[in-house]
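To start, the structure itself, in structure tokens.
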Amino acid sequence: MDVAIVDYGSGNLRSAAKAFERVTREQGLAHTIKVTSDPDIVANADRIVLPGVGAFADCKAGLEKVSGMVQAMTEAVHGKGRPFLGICVGMQLMASIGHEHGDHDGLDWIAGEVMPLNPADPALKVPHMGWNDLVVDRPDHPLLAGLGQGAHAYFVHSYHFRCHDPADRVAHVEYGGSITAIIAKQTMAGTQFHPEKSQATGLAFLSNFLRWNP
Amino acid sequence: MLKMRIIPCLDVKDGRVVKGVNFVDLVDAGDPVAQAEVYDKAGADELTFLDITASSDNRDTILDVVGRTAERCFMPLTVGGGVRSVDDIRRLLLAGADKVSINTAAVHRPEFVAEAAQKFGSQCVVVAIDAKQTGPGRFEIFTHGGRKETGIDAVAWAKRMAEYGAGEILLTSMDRDGTGQGFNLALTRAVADAVNIPVIASGGVGTLDHLVEGIRDGHATAVLAASIFHFGTFTIAQAKAHMAAAGIPMRMS
């Protein structure tokens with residue numbers, strides 16, 4: 001079982017890789033974690049992880065610069081139905097469109113828009129930075145197994161994913177309004193928070209993702 | 001609801017942990033990676049390494065410390081000290097840091113902050129501001145561990161850094177650092193109210209009430225401390241329980 005962590009020059013992939021390795025080791029799972037920029041490895045991986053930090057357009061451009069990568073991801077996820085996890089901007093890239101520094105097309109895998117955070121309370125700072133407690137929208141979802149209401153996850157972002165179909169939102173947090181925390185549709189999932197930085201909650205979530213058979 | 005953060009800070013020199021009182025009289029106290037693991041298990045909300053290595057020959061020791069920490073601790077890690085170039089930032093982020101804190105280099109060349117934010121995103125750019133009160137309602141930036149005055153107004157500077165793309169301000173009350181007398185709350189509040197990005201209060205924590213004051217009265221959204229945790233005066237859990245009892249939203253685990 002190969003887990004491909006897509007390397008397209010966006011930030012630090014080491015933490016994500018180390019977190020997956022830790023979960024694999026502790027749970028006795030037979031996954032091999034591969035940080036890769038090779039589309040063939042991604043196309044044939046059993047699970048795919050797309051991290052991402054920085055601006056939406058930069059990440060999209062970086063992904064498209066790796067020749068064949070978007071096609072490989074599309075083939076694996078939509079052709080073969082392989083589970084996919086987008087983290088932070090990696091999740092936002094699944095949207096139809098992103099509105100960070102202009103309008104930019106996303107992958108359009110999950111209908112929605114990436115909007116600037118604009119908390120109703122002006123005392124709330126942007127970026128939304130720190131630990132917030134998850135409010136579960138779909139308690140039966142296997143990605144949330146063992147997490148429950150009120151689990152804390154680590155966020156750092158200035159834009160958020162607004163799903164067009166509320167059914168795609170698995171959990172949210174409150175920050176001067178509802179902010180999407182986890183999305184899932186078919187074999188695709190995404191977290192606005194950083195599971196690789198969310199201590200026990202994050203490792204439990206990654207373990208759920210590795211066991212997820214949508 | 002977003003929780004307020006407690007951030008222990010480890011001063012690291014040549015790959016070893018030290019903690020200074022007013023940045024002198026350093027006491028060697030151990031391996032930073034082991035310390036980081038202790039704080040991780042204790043439920044610290046983030047961790048900061050301040051690299052005070054002087055010799056350029058040993059500058060890479062922090063990369064090894066960061067790399068080994070990132071393999072073991074799955075929590076946000078900020079590294080500051082000697083961050084002077086885009087390449088310094090890239091190497092720290094690749095080693096496993098989530099944020100870098102820029103201090104003197106921003107004072108020397110403010111555009112560096114804009115370049116860093118452009119290149120790596122605001123989420124990983126912390127601007128560290130060391131300030132002292134120089135008169136009533138007047139706060140100035142100091143560099144070189146508080147020894148060198150710059151004449152720059154701390155509040156105006158914080159606003160400028162936010163405009164340049166800083167994602168967070170680490171504000172140290174230099175006139176309180178190491179004294180255990182608490183944050184300079186007038187400074188903290190003036191800066192926190194002037195910017196729309198998160199402010200971490202630092203410098204002078206001696207009691208758990210000081211942590212409460214930094215949030216409640218200083219309007220910071222995070223508090224950073226070294227000595228009270230490092231020398232075992234208080235645990236992270238005690239600090240969180242005290243703050244929660246004072247009505248501050250905390251992540252209890």
Side-chain angles (χ1 to χ4, degrees), chain A residues 9-23 52-56 58-59 88-89 100-101 117 119 121-133 135 150-159 173-176 179 193-204 206, chain B residues 1-7 40-47 66-77 90-99 117-126 162 165-169 192-193 195-200 219-222 249-253:
Chain A
S10 174
N12 153 40
L13 308 181
R14 181 172 177 149
S15 298
K18 292 295 169 191
F20 273 109
E21 284 168 10
R22 163 94 158 244
V23 169
V53 296
F56 186 96
D58 290 350
C59 286
C88 197
V89 182
E100 182 172 2
H101 308 314
L117 284 176
D121 177 354
L124 293 176
K125 309 282 191 173
V126 177
H128 170 223
M129 187 182 289
W131 297 82
N132 207 328
D133 52 318
V135 183
H152 283 85
Y154 186 82
F155 292 79
V156 49
H157 62 119
S158 301
Y159 290 78
V173 293
E174 290 297 331
Y175 193 64
I179 304 299
F193 61 86
H194 288 271
E196 78 282 14
K197 293 291 160 183
S198 294
Q199 292 177 336
T201 297
L203 296 177
L206 294 181
Chain B
M1 180 185 215
L2 184 70
K3 304 304 186 292
M4 301 296 109
R5 289 168 285 155
I6 291 188
I7 307 173
D40 186 26
K41 288 193 177 73
D45 296 313
E46 294 187 20
L47 183 67
V66 169
R68 287 189 292 124
T69 303
E71 284 175 14
R72 293 172 176 79
C73 299
F74 300 100
M75 66 191 300
L77 175 64
R90 180 182 292 110
R91 291 193 301 156
L92 286 167
L93 295 179
L94 286 176
D98 299 290
K99 308 185 227 180
Q118 185 87 34
K119 189 90 189 159
F120 305 105
S122 292
Q123 83 290 333
C124 70
V125 178
V126 182
E168 194 171 33
I169 300 280
D193 288 353
V195 296
N196 189 40
I197 56 176
V199 171
I200 305 165
H219 300 173
T221 53
M250 302 300 296
R251 176 182 69 120
M252 313 301 285
S253 48

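Predicted model, so just to flag it, every value in this text is computed and none were measured. Below, all heavy atoms of this structure are taken into account, side chains as well, without hydrogens, waters or symmetry copies. Per chain, numbering begins at 1; letters A, B, ... match sequence-line order.
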So which atom in [X] and which in [Y] form the shortest heavy-atom distance, rounded to 0.1 Å?
X: A:Y175; Y: B:L2; result: CE1-CD2, 3.6 Å
X: B:G96; Y: A:S15; result: O-OG, 4.0 Å
X: A:L124; Y: B:N196; result: O-OD1, 3.6 Å
X: A:V53; Y: B:Q123; result: CB-NE2, 3.6 Å
X: B:P76; Y: A:W131; result: CD-CZ2, 4.2 Å

Let me confirm one number: the NE2-CE distance from A:H152 to B:M1, rounded to the nearest 0.5 Å.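 Spacing of NE2 (A:H152) from CE (B:M1) equals 10.0 Å.
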
Gap between atom OG of A:S198 and atom CZ of B:F74 - 0.5 Å precision: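 That separation rounds to 12.0 Å.
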
Measuring heavy-atom distances to chain B, does [X] have an atom under 4.5 Å in its side chain, in its backbone, in both, or in neither?
X: A:V126; answer: both
X: A:A55; answer: neither
X: A:I179; answer: neither
X: A:H194; answer: neither
X: A:P122; answer: backbone

Toward chain A, the part of [X] with a non-hydrogen atom under 4.5 Å:
X: B:K119; result: neither
X: B:A44; result: backbone
X: B:R90; result: neither

For the side chain of B:R251 and the backbone of A:N132, is there at least one donor-acceptor N/O pair under 3.5 Å apart?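 The answer is no, because no donor-acceptor pair under 3.5 Å joins these two groups.
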
Is the backbone of B:E168 close enough, under 3.5 Å, to the side chain of A:K125 for a donor and an acceptor to pair up by distance?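 The answer is no, because no donor-acceptor pair under 3.5 Å joins these two groups.
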
Below 4.5 Å, heavy-atom pairs only: which of A:E21, A:H128, A:H157, A:R22 has the largest tally toward chain B?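 Winner by heavy-atom pair count: A:R22.
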
Heavy-atom pair count under 4.5 Å with chain A, highest-scoring of B:G121, B:A70, B:G167: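 If we count pairs closer than 4.5 Å to chain A, B:G167 comes out on top.
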
Report the C-alpha separation of A:R14 and B:L94 in whole Å, then their side-chain angles, then the decisive distance to 0.1 Å, and conclude whether the side chain to side chain contact (heavy atoms under 4.5 Å, CB included) test is met. CA-CA 7 Å; A:R14 181 172 177 149; B:L94 286 176; over 6 Å; no

Salt bridge or not between B:K3 and A:D133? Use side-chain N to carboxylate O under 4.0 Å.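 Counted as a salt bridge, because a side-chain N and a carboxylate O are separated by less than 4.0 Å.
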
Is B:E46 paired with A:K197 through a side-chain N to carboxylate O contact shorter than 4.0 Å?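 So A:K197 does not pair with B:E46 through a salt bridge.
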
For B:E71, look at atom CD and say whether over 12 heavy atoms of other residues, nucleotides or ligands are found less than 6.0 Å away.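 Yes, the 6.0 Å shell around CD holds more than 12 heavy atoms from other groups.
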
